[in-house]
Amino acid sequence: MNALDALIREFEHEITTTRKMLSVVPAEKFAWAPHEKSMKLGSLTTHVAELPTWFGLVLKTDGIDFAASPYKPEVFTTTADLVAYFEKCAADGLADLKAGKTVNLEEIWTIRSGDTVYSAHSKWDALRHTMSQVIHHRAQLGVFLRLLNVPIPGSYGPSADDQSF
């Protein structure tokens, strides 16, 4: 198995876990944030849902310039619409990973805003970073849900809410 095949297999597992987490987000709390410096729940869940599209972005481009392409997130009013958006993004991300087997993963991929460069790493490193972002922000979502007293679905096995202790 090569590295990209391993990433695909890992992502297929993370899709299931992320779907479970997003499906329990209460839409009536999309405007809530646990702290003034925190993202709102709706913004966080949108980011979690759209992150799989970054696989294609990394594989098909040499980087992203936020100055040239300002970020315009989707806005959702229902959990069902959020999950449907995730399903589309996950399917697109998985298809892009599977189609990316001919891409030179040693090419540099850059995140910038105009002349300010935030990162410049190999496409392989950018793909790994994207996977880490999926997992990181999903864990952040788990904390938000816990603070809202929403039962947390298990990620890599049962959660405390899945078990009787």
Side-chain angles (χ1 to χ4, degrees), residues 1-25 27 29-31 33 38-114 116-145 153 155-156:
M1 176 184 310
N2 68 34
L4 198 53
D5 287 333
L7 188 68
I8 290 166
R9 193 167 85 188
E10 180 182 2
F11 182 55
E12 288 172 333
H13 176 77
E14 298 303 334
I15 288 171
T16 301
T17 303
T18 303
R19 178 185 301 117
K20 289 190 301 183
M21 190 72 75
L22 289 172
S23 70
V24 300
V25 173
K29 297 291 187 179
F30 281 170
S38 297
M39 278 192 270
K40 301 230 181 283
L41 180 63
S43 297
L44 176 59
T45 57
T46 298
H47 187 52
V48 169
E50 74 193 359
L51 273 168
T53 64
W54 278 67
F55 292 122
L57 187 63
V58 169
L59 290 166
K60 296 175 183 178
T61 69
D62 62 358
I64 187 167
D65 183 348
F66 291 116
S69 300
Y71 176 62
K72 295 178 185 136
E74 299 286 329
V75 177
F76 301 100
T77 57
T78 71
T79 301
D81 288 343
L82 171 69
V83 172
Y85 180 65
F86 168 71
E87 296 295 350
K88 180 191 178 315
C89 292
D92 291 349
L94 190 56
D96 289 333
L97 283 171
K98 289 179 178 179
K101 295 186 182 198
T102 61
V103 173
N104 177 357
L105 298 179
E106 294 305 315
E107 290 177 5
I108 298 301
W109 196 78
T110 305
I111 300 175
R112 69 176 64 243
S113 183
T116 303
V117 174
Y118 298 116
S119 70
H121 300 287
S122 71
K123 287 189 174 204
W124 172 250
D125 288 341
L127 290 171
R128 285 297 322 151
H129 182 78
T130 298
M131 181 68 74
S132 294
Q133 287 291 295
V134 168
I135 296 164
H136 162 77
H137 287 295
R138 189 183 65 225
Q140 184 181 14
L141 173 57
V143 172
F144 280 36
L145 293 173
S155 294
Y156 304 114

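These figures come from a predicted structure and were not determined experimentally.
- A donor-acceptor pair is defined here as one N or O able to donate and one able to accept, closer than 3.5 Å; no such pair exists between the side chain of Thr53 and the backbone of Cys89.
- Between Val48 and Pro52, the shortest heavy-atom distance links the atoms O-CD, 3.7 Å.
- When all heavy atoms of Thr46 and Tyr85 are compared, the closest pair comes out as O-CE2, 4.5 Å.
- The line from CZ of Phe144 to CG of Leu41 is 7.0 Å long, rounded to the nearest 0.5 Å.
- A heavy-atom distance below 4.5 Å is found between the side chains of Leu141 and Leu22.
- Relative orientation of the Tyr156 and His13 rings is parallel, given thresholds of 30° and 60° on the angle between their planes.
- With sequence neighbours excluded, the residues forming a side chain to side chain contact (heavy atoms under 4.5 Å, CB included) with Ala126 are Val58, Trp109, listed by chain and number.
- Residues His121 and His129 have side chains not in contact (no heavy-atom distance under 4.5 Å, counting atoms from C-beta outward).
- Under the rule for a salt bridge (charged side-chain N to carboxylate O under 4.0 Å, His left out), Lys29 has no partner lying at least two apart in sequence or in another chain.
- Looking at His137 and Gln140, their side chains do bring a donor and an acceptor atom within 3.5 Å of each other.
- How far CD of Glu87 is from CG of Leu82: 10.0 Å, rounded to the nearest 0.5 Å.
- If you take OG1 on Thr45 and CE on Met21, they are separated by 12.0 Å, rounding to the nearest 0.5 Å.
- By the salt bridge (charged side-chain N to carboxylate O under 4.0 Å, His left out) test, Glu50 is found to be paired with no residue, residues two or more places apart in sequence or in another chain being considered.
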Output a table of donor-acceptor pairs, distance under 3.5 Å, between side-chain atoms of residues 3-11 and any protein atom two or more places apart or on a different chain; print 'none' if there are none.
unit_1: Asp5; atom_1: OD1; unit_2: Lys101; atom_2: NZ; d: 2.4
unit_1: Glu10; atom_1: OE1; unit_2: Arg128; atom_2: NH1; d: 2.7

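- Without hydrogens or angle criteria, Ser113 side chain to Thr116 main chain gives no donor-acceptor distance under 3.5 Å.
- The two residues Lys88 and Asp92 have their closest heavy-atom pair at NZ-OD2, 2.7 Å.
- Every residue two or more places apart in sequence or in another chain was checked for a salt bridge (charged side-chain N to carboxylate O under 4.0 Å, His left out) with Lys40, and none qualifies.
- Residues Thr110 and Ala120 approach most closely at OG1-CB, 3.8 Å, considering heavy atoms.
- Ala33 and Ser38 make their closest contact through CB-O, 3.9 Å (heavy atoms, listed as atom of the first residue, atom of the second, distance).
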Exercise. Run the side chain to side chain contact (heavy atoms under 4.5 Å, CB included) check on Thr17 and Ile135 step by step: do they pass?
Worked result: CA-CA 9 Å; Thr17 303; Ile135 296 164; over 6 Å; no

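- Atom CG of Leu59 is separated from atom CH2 of Trp124 by 10.0 Å, given to the nearest 0.5 angstrom.
- Note that the CG atom of Leu105 and the NZ atom of Lys123 stand 8.0 Å from one another [nearest 0.5 Å].
- In terms of heavy atoms, Phe30 sits closest to Thr77 at CE1-C, 4.0 Å.
- With sequence neighbours excluded, no residue forms a side-chain hydrogen bond (donor to acceptor under 3.5 Å, both in side chains) with Asp62.
- Rounded to the nearest 0.5 Å, atoms CG (Leu51) and CG (Leu57) are 11.0 Å apart.
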